[in-house]
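Have a look at the structure below, then the notes.
We number each residue from 1, following the sequence as shown. First listed ligand is number 1; within each ligand, the first listed atom is number 1. Everything numeric here is computed off the predicted structure, so don't read it as measured data.
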Amino acid sequence: MHESKRKLKVLFASAEAAPFAKMGGLGDVSGALPASLLQNYKDELDIRTILPFHEVIKKLDPPMKKIGDYAFSASDQEIECQLFVSDIDGVPVYLVDNDYINHNSPVYHGDWYLDGLKYATFSLALLEAMRYLDWKIDILHANDWHTALAPYALKTTYQNDLFYQGIKTILSIHNLPYNGWGSQDAMARLGFVPSHDQDLPDWARFTPLPLGVASADKVIAVSPGYAREILTPEYGCGMEGYLQKHSNKVMGILNGIDVNIWDPETDEQISHNFSAEAFSERVNNKLDLQKALDFVVDENIPLLTIVSRLSDQKGIPAILETLPQLLDRDWQFLLLGSGSPELEQAADQLSAEHPDRIASILKYDEVISHVLYASGDIFLMPSLYEPCGLSQMFAMRYGNLPVATETGGLADSIIDFSRDPENATGFLYEDKTAEGFLRSLTLALDTFADPGTWHKLQKNAMEADFAWKKSAAKYYDVYKSL
Ligand code: ADP
């Protein structure tokens, strides 16, 4: 009789997971990576996701089942939780609710104390949920600062708790500067104590993300480029010394995208489906959009697009500064984004000054994002740093060629036209200034004017393989190695 193979039990803990809750790339990854792992390793892995039960999930109301109530104590408090289970593409998704997580709350309050309480309790509640389920996991895969305190709790509060013995931990870093600073009062209230790890700088010994970095068995940055960059003072956010010293546990794996959701051939959010082979319909998306925006309707005018959080990280100021210097050239620009009130106002003002060629849609809108990826010719991504970036991958898959800084995951996912014109999928530039951006955008506009070359680049970009499968295999290897 064959002994049945024991599956590795993995808990994937995140603040977001599409389609339940998505505020950015973390949501895309947490929705798609566990599903891809399950699909490709269903005989080897028992992977489940756990999320806070946010208000957006309550509103979405996916099919779910209540599992039950459990309680645990943290410092002098008794924390009562409710546990539900739903699923995303076959991956069981646990949803945890309690007074601090509170399913009337936004994914992020934007108030550090409230976010600190929400995510510090979630980090404990997810461990306690495993006990309540009597599910002894092999691997805890935490993501970003929100769940970084779970690996830390395993190394401290739960160190001698028999139920949690032998669990290996991974922390994925999607964005190092967001380290959970400001959660200190909340952490103290829940009984967390500062770390004694002498390798950590003082400020980091009571800050969620660094504590997770110090506790995790593996630290995975979301691209190989970013994994190298965070070892340097320019990108290391004060953690470079620690990361250099412990570089043997740091690695990078490039994110993938969900190629079923993001498929121009079948995408129901766009009016004219197309593919690299059946390409002629693509332009009709652009013509429709030009009409809707009251722009000149002309396929020969390049349409510049961006879909982004409006923050300095994304290089929005470089865009707003550069476009008025390029008014002697023919182009149109459509921005979809929300975030910093100052940048929203600046974008709004630029559109008001040039209504014939610039428009801004200042909100988060998933459907419109698909339309932009499918309609634009040039996708702007002049990020100051970019751990991975998914928008440029969606854009390429839809034949919208990126102009982007040569950093992090952008450099890992885009083949630059100047270096490799044969295989190019976009335009990269090193100099992270408005001038650098202007030069690169000018080159893209010149290239657009040559339809033969442009179409070749579009074909390269659309045929590039951004599916999760390759990267999921790398994650699986890490799980196995642990
Ligand atoms: P980050 O996670 O740093 O925001 P990524 O490029 O990794 O950047 O992921 C951004 C994700 O959020 C993409 O899926 C993008 O389409 C989406 N997105 C960003 N802003 C908007 C918006 N205003 N409306 C719809 N989707 C958006």
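Within the 3.5 Å criterion, the main-chain N or O of Leu33 finds no donor-acceptor partner in the side chain of Ser36.
Counting heavy atoms of neighbouring residues, nucleotides and ligands inside a 6.0 Å radius, atom CD of Glu353 exceeds 12 of them.
A donor and an acceptor atom, one from each side chain of His103 and Asp97, are located under 3.5 Å apart. Checked by atom type, the side-chain pair Asn143/Ser30 shows no donor-acceptor distance below 3.5 Å.
A distance limit of 4.0 angstrom between heavy atoms and ligand 1 selects the residues Lys22, Gly24, Gly25, Asp28, Val307, Ser308, Arg309, Lys314, Leu336, Gly337, Lys363, Tyr364, Asp365, Glu366, Ser369, Tyr373, Met381, Gly389, Leu390, Ser391, Phe394.
In this structure, the ring of His354 has its center no less than 6.0 angstrom from the ring center of Phe333.
Applying the side-chain contact (heavy atoms from CB on, under 4.5 Å) criterion to Thr425, with sequence neighbours excluded, gives Met396, Ile414, Ile415, Asn460, Ala461.
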